[in-house]
Amino acid sequence: MREVKFLRAGDRAMTVEFGRTVDPKINDQVHALAAKLKKDNVPGIREVVPTFRSLTIYYDPLKTSFQAVRQNILSYGDISQEGGTVKKRILKIPCCYGARFGCDLADMEAYTGLDRDEIIAIHSSVDYKIYMMGFLPGFVYLGGLDKRIEMPRLKTPRVKILPGAVGIGGSQTGVYPVASPGGWRLLGGTPVEFYDPGRKEPVLCKAGEYIRFIPITINDYYDIRRMVSKGEYEPEVEEGNICQ
């Protein structure tokens, strides 16, 4: 059994660390504990924040304590071996590969030895798990990238990447939710807004969900973009069961 560590994070937070590596099974355990704490509505817990290999739990020190939260978690039994069937929620995200969005596709062809159609087919064939959110509001760190299309980050990051840019950085892929600097290799763009502060739910998705990129044409991109601007578009969602 892998040792689970309970670490203090100030006077009102705890980090439960499941391991030291980025691993899908470890991440499954992180999300299983997060889901259980939310379902049980444990008194005093304000928020849970999953990361690749740990869960940070924020609590009200006037209502509970580090030891009380720890004991509550230990009462669940062996949390390092969470199992069972859980819901898999997949957001189908339209992506226009190449065109004016995929400025690094040519470099990817040269680096990987694959042509752009192969790169696009590989990238859009995976249901990517959202391991965690971070860096920017709505930025998704996605796991499951095929090793054949892994790409090193740019040596000199770009000063500005536009919202919706779909990129690859090392062994991960993701979407830039807002304009920002960045060093990931860009292969496409989505018209879907991953972060909109004016929406009821500003962030489109949650850690633990999945994303599947759906290739679209440049005309499709602008058609969807117009619907998004009018508040008339929502990504298609597919749901199913997976075993942890």
When you measure from the side chain of [X] to the backbone of [Y], do you find a donor-acceptor pair of N or O atoms at a distance under 3.5 Å?
{"X": "Thr21", "Y": "Asp23", "value": "no"}
{"X": "Arg89", "Y": "Lys206", "value": "no"}
{"X": "Asp60", "Y": "Leu62", "value": "yes"}
{"X": "Arg12", "Y": "Pro61", "value": "no"}
{"X": "Tyr128", "Y": "His123", "value": "yes"}
{"X": "Thr190", "Y": "Pro94", "value": "yes"}
{"X": "Asn72", "Y": "Gln67", "value": "no"}
{"X": "Ser54", "Y": "Val16", "value": "no"}
{"X": "Asn27", "Y": "Phe52", "value": "yes"}

Non-hydrogen side-chain atoms of [X] and [Y] separated by less than 4.5 Å:
{"X": "Glu238", "Y": "Asp127", "value": "no"}
{"X": "Phe213", "Y": "Leu187", "value": "no"}
{"X": "Leu33", "Y": "Ile73", "value": "yes"}
{"X": "Tyr111", "Y": "Pro152", "value": "yes"}
{"X": "Val49", "Y": "Tyr58", "value": "yes"}
{"X": "Pro50", "Y": "Leu55", "value": "yes"}

| query | Is the number of heavy atoms from other residues, nucleotides or ligands under 6.0 Å of Glu234 CD greater than 12? | reply | no
What's the spacing between [X] [atom1] and [Y] [atom2] if we round to 0.5 Å?
{"X": "Leu142", "Y": "Tyr131", "atom1": "CG", "atom2": "OH", "answer": "10.0 Å"}
{"X": "Leu105", "Y": "Asp115", "atom1": "CG", "atom2": "CG", "answer": "10.5 Å"}
{"X": "Glu17", "Y": "Leu7", "atom1": "CD", "atom2": "CG", "answer": "5.5 Å"}
{"X": "Tyr76", "Y": "Leu37", "atom1": "OH", "atom2": "CG", "answer": "4.5 Å"}
{"X": "Leu186", "Y": "Asp104", "atom1": "CG", "atom2": "CG", "answer": "5.0 Å"}
{"X": "Cys96", "Y": "Ile214", "atom1": "SG", "atom2": "CD1", "answer": "14.0 Å"}

Taking every non-hydrogen atom, the tightest pair across [X] and [Y]:
{"X": "Val228", "Y": "Val192", "answer": "CG2-CA, 4.5 Å"}
{"X": "Cys205", "Y": "Ile211", "answer": "SG-CD1, 4.4 Å"}
{"X": "Ile168", "Y": "Met108", "answer": "CD1-CE, 3.6 Å"}
{"X": "Pro177", "Y": "Pro163", "answer": "O-CB, 3.7 Å"}
{"X": "Ala34", "Y": "Val48", "answer": "CB-CG2, 4.1 Å"}
{"X": "Leu136", "Y": "Ser180", "answer": "CD1-OG, 3.4 Å"}

| query | Got a sec, which residues hit salt bridge (charged side-chain N to carboxylate O under 4.0 Å, His left out) with Lys200, two or more places apart in sequence or on another chain? | reply | none
| field | Derivation and outcome, side chain to side chain contact (heavy atoms under 4.5 Å, CB included), residues Met14 and Thr56 | value | CA-CA 6 Å; Met14 163 196 293; Thr56 296; over 6 Å; no
| request: Go through the steps for Phe139 and Tyr176 under the test ring pair (Phe, Tyr, Trp, His ring centres under 6.0 Å), then give the verdict. | output: CA-CA 6 Å; Phe139 189 93; Tyr176 284 84; 5.6 Å; yes
| query | When you look at Asp28 and Lys129, which way does the side chain to side chain contact (heavy atoms under 4.5 Å, CB included) test go after all the steps? | reply | CA-CA 10 Å; Asp28 286 345; Lys129 185 179 182 182; 2.4 Å; yes
| field | side chain to side chain contact (heavy atoms under 4.5 Å, CB included) partner of Ile93, chosen from Ile216, Leu204, Val175 | value | Leu204
| said: Using the ring centroid of each side chain, check whether Phe18 and His31 are separated by less than 6.0 Å. | reply: no
| request: Flag the pair Glu150 and Arg185 as a salt bridge only when some basic side-chain nitrogen lies within less than 4.0 angstrom of an acidic carboxylate oxygen. | output: no
| request: Report the relative orientation of the aromatic rings in Tyr141 and Trp184; use parallel for angles under 30°, tilted for 30 to 60°, perpendicular for over 60°. | output: perpendicular
| task | Check the pair Tyr97, Arg116 against side chain to side chain contact (heavy atoms under 4.5 Å, CB included), reporting the backbone distance first and the verdict last. | result | CA-CA 9 Å; Tyr97 292 93; Arg116 62 180 54 207; over 6 Å; no
